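In what follows, a structure is listed as C-alpha cells, so that the remarks can point back to it.
Nothing fancy with the numbering, it's 1 onward along the sequence. Given the structure is predicted, the values throughout are model-derived calculations rather than measurements.
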Amino acid sequence: AVCAAWETWWAGSSPLLAQPRPCAHFHLLLVVALLRTRRQALLRNRSGVGGLMQVVNGASGTVDVRELLGLARDAHAALAPVAQKRPDSG
C-alpha cells in the first residue's frame, strides 16, 4: 500500500489511479488527505508539533491508500478552480 502511494508521488501514476497525478504538488495533497483521515486524533491530541508527529507516525501501516488517494484527488478537484484564477498560474 505504501509502495502505491510512493509510486503515485514519484512516478506520477499508479494502478490505483485512473489517470496520472493531477498536479506537481500532489504530495502536499496526500499530506492534507492523511491529516483529514486522522483529524479526530489530531484534535484530541493537543501537544503541539510533537503530538502531530506522534499521530502521523502512529498511522504507519494503517493507512487505506485507496482512501488517501481519493481524498487527495478530491482536494485537488476542490482547489483546481481557485488555482486557475491565480495570476501566476501560467
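- With sequence neighbours excluded, the residues forming a side chain to side chain contact (heavy atoms under 4.5 Å, CB included) with Ala41 are Arg44, Val55, listed by chain and number.
- Shortest non-hydrogen contact noted between Thr37 and Leu34 is OG1-O, 2.7 Å.
- Other residues, nucleotides and ligands contribute only 12 or fewer heavy atoms inside 6.0 Å of the CD atom of Gln54.
- Separating the NE2 atom in His27 from the CG atom in Leu30 is a distance of 9.0 Å, to the nearest 0.5 Å.
- Partners of Ala33 according to the side chain to side chain contact (heavy atoms under 4.5 Å, CB included) rule, which considers only residues two or more places apart in sequence or in another chain, are Leu68, Leu71, Ala72.
- Shown here is Arg38, whose CZ atom has more than 12 heavy atoms of other residues, nucleotides or ligands within 6.0 Å.
- Hydrophobic clustering of Ile, Leu, Val, Met, Phe, Trp and Tyr side chains at less than 4.5 Å, counting indirect connections, keeps Val32 apart from Val65.
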